[in-house]
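What's counted below: heavy atoms across the whole structure, side chains too, no hydrogens, waters or symmetry copies. Lettering follows sequence order; numbering is per chain, from 1.
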Amino acid sequence: MNSSLETAAHPENLRRVAIEPVSRVEGHGKVTILLDDANQVQQVRLHIVEFRGFEKFIEGRPYWEVPVMVQRLCGICPVSHNLAAAKAFDLIVGAKQITPTAEKIRRLMHYGQMLQSHALHLYHLCSPDLLFGFDSEVALRNIVGVAQRYPDAAKRGILLRKYGQEVIRITSGKRVHGTGAIPGGVNKSVSLEERDLLKKDIDEIVAWGVASVQMVKDLHRQNPALYDHFGSFRAGMMSLTGKNGALDFYDGTLRVRDANGAMLFDGVDYQQYESLIEEEVKPWSYMKFPYLKSIGSENGWYRVGPLSRIQNCDVIPTPLAELERKEFIAYSEGPMHAPLGYHWTRMIELLHAAETIRDLLDDPDIHGKDLVVKGQRAHEGVGVIEAPRGTLFHHYQVDDNDLVTMCNLIVSTTNNNQAMNEAIRTVARQYLSGNEITEGLLNHVEVAIRAFDPCLSCATHALGKMPLTAELVDAEGRLVHSLTRE
Amino acid sequence: MRAATLLIGYGNPSRGDDALGPAAIDAIERLAAQHPAWGKVEVVTDFQLQIEFVTDLAERERIVFIDAAASGAEPFSFGPLEAKEDASITTHALSPASLLTVFRNFHGEDAPPSFLLGIKGYDFDLGVPLSAAAQRNLEAAVAMLEQWLSANCAASLCHA
């Protein structure tokens, strides 16, 4: 159910705290918190401050350009958009079944991305909070601080990310803007020399995956009161699952469980996603709020990403990650809803990605020459994958002139929109109500948002365009206090 | 053996003048064939700088970062770059100065001599081409960089 803190009864009488933009997330977000005279929280909202308009950007373009073009939506997970678009356009070019080589190259690319994205998130963006504390000294709470105090962990993060990027470079042909996945297949396979380059380090990568899970698991065990309850709220869980309910980031059918873990939907063909999901527009945010159509917007919102995927699947098809999944499930005795559980499950996924890469590097199909198939042309296709941040939908219609006439994207962060709002409202109630606002307390709100690893915008970053300021503004709009991250 | 000179142009080619960094790299690649005396010059483009770039910076004689600048001098600014922690250290996209700081912590020594070329841009909207003014600034910046490379480098171009 939606939180009562979404809209205050009399916002005009309240003090306003803004965290703008939220740091250590991709893109620009803003949190506003309205407080009454007793510093009790009355309203909390996560806003997206930039209108993206990507769908209109895509419409009118030739369809074959789109899998490359959509990579520019995001500087962090371009591969996700490339693959989701390619899967949608597979159907439009009549490639109902791509070749084994094409599918395995796509998987290799995708699992490489999962590895690099999850490593970046934990080691660069979140480990400062987790290792030093949410209200620790600001100057220390960053990757440089981690590198000084925990040099091995910092190096591990950088080299895991580097390895994932190498997998992407080799499978897509270029470091960025590669044309790895194209409608009907892929542009290249992996040579023996390229495979050997990746194989050289993969055992160490898997070992670092194990160490990464251990690091987060230890944090949970050392402070269960914090890790198991911080910002915790109940929510349903949605993800793709593969054959036999296995964890699968690349393909499968849609599964939704309720907050108790009971199955609501299973085996839903994502071509029919519009029968399952609807999106609500709220006047205060550019980002839509998806929900399960059959339940309605009030109670039908859900959570996506690692915390959902690991609890939604029945098994992980690689041995080390499966052991970790079982331990995680046993630990929480019922679904874990605490946002900090994202970190634990994200590292289980990182380990699974590393193990899958190792398996794929031993698969002779990745060297195949049969790369592309085509069949009877169609006019519509939906592509869905599990991106690092959660379920990603790409839906296109194409006319007889090969131009895109309709594009609908539901990105992972949009799927988590209501859930992120619920998380920060819970944290605001737990930590902010009745207290004077400090940077450390505001960081608690950001910690809850960062747990979801949201991607709020795309990769514009020109010099001079990245202010990071939190302001406390009174009901008349006067600046009371300002905190700037130098 | 790694190339002595590394040029990193970054920005989103679909975001108007944010494409200035990659566009400068394209222009330098075209010019390189005319300048065998530049020696080994490696070029890299990306949307944004990230932590793993510290592995690209090692074992160079010089590094030039090239980015669009929303503020600053016209047509461009160019100068040496020092390691510095700034707000970008907490984001997905590092500034070049922050990257040099991460380099120092990762490698235990200062990064090779580094320079920042900031080319003034004006319009960063999604889907728009380079603005005419940015195009002029790009040409001026590339001409300067061509001279600078001729003065500072020696031997063949290779790609990342």
Side-chain angles (χ1 to χ4, degrees), chain A residues 21 23-27 52-54 56-57 69 71-76 78 116 119-121 123-125 128 138-139 141-148 151 154-155 157-165 169 174-177 455 458-469 484-486, chain B residues 10-22 44-56 65 67-72 77 83-96 98 101-108 116 118-122 124-128 159-160:
Chain A
S23 66
R24 279 184 274 157
V25 301
E26 172 66 9
R52 305 194 313 166
F54 290 131
K56 292 293 170 207
F57 175 56
M69 190 64 64
Q71 295 180 69
R72 297 175 184 177
L73 303 190
C74 176
I76 291 299
Q116 62 86 359
L120 179 78
H121 183 256
Y123 286 101
H124 183 185
L125 303 175
V138 181
R141 208 192 309 139
N142 57 51
I143 185 65
V144 173
V146 173
Q148 287 165 352
K155 280 192 179 181
I158 289 170
L159 294 175
L160 279 166
R161 162 111 177 147
K162 175 75 176 174
Y163 187 87
Q165 294 290 71
R169 182 184 67 79
K174 284 176 76 176
R175 187 160 163 152
V176 289
H177 313 158
C455 178
C458 66
T460 293
H461 66 277
L463 292 173
K465 295 197 75 162
M466 199 184 290
L468 289 169
T469 302
T484 300
R485 296 172 199 278
E486 297 292 344
Chain B
Y10 53 101
N12 187 338
S14 291
R15 280 277 185 176
D17 294 347
D18 201 31
L20 279 165
V44 173
T45 60
D46 210 329
F47 284 131
Q48 54 202 27
L49 299 178
Q50 252 314 327
I51 51 174
E52 73 277 8
F53 271 84
V54 297
T55 62
D56 293 300
F65 295 93
D67 191 12
S71 57
S77 59
K84 183 188 170 194
E85 280 184 50
D86 59 25
S88 77
I89 208 84
T90 64
T91 75
H92 277 95
L94 291 175
S95 72
S98 283
T101 306
V102 178
F103 182 99
R104 183 189 288 154
N105 282 283
F106 183 79
H107 292 285
L116 176 62
I119 309 173
K120 184 73 185 288
Y122 308 90
F124 296 87
D125 280 349
L126 183 66
V128 301
H159 296 267

Counting C-beta onward and ignoring hydrogens, is there a side-chain heavy-atom pair between Thr55(B) and Leu159(A) closer than 4.5 Å?
yes
Distance (rounded to the nearest 0.5 Å) between Ile143(A) CD1 and Ser98(B) OG:
11.5 Å
Could you look at Gln148(A) and say if it's the side chain, the backbone, both or neither that has a heavy atom under 4.5 Å from chain B?
both
Could you tell me if the side chain of Lys155(A) sits less than 4.5 Å from the side chain of Asn105(B), heavy atoms only?
no
Note, Val102(B) side chain near His124(A) side chain (heavy atom, < 4.5 Å):
no
Nearest 0.5 Å, please: how far is CD1 in Ile51(B) from CG in Leu160(A)?
9.5 Å
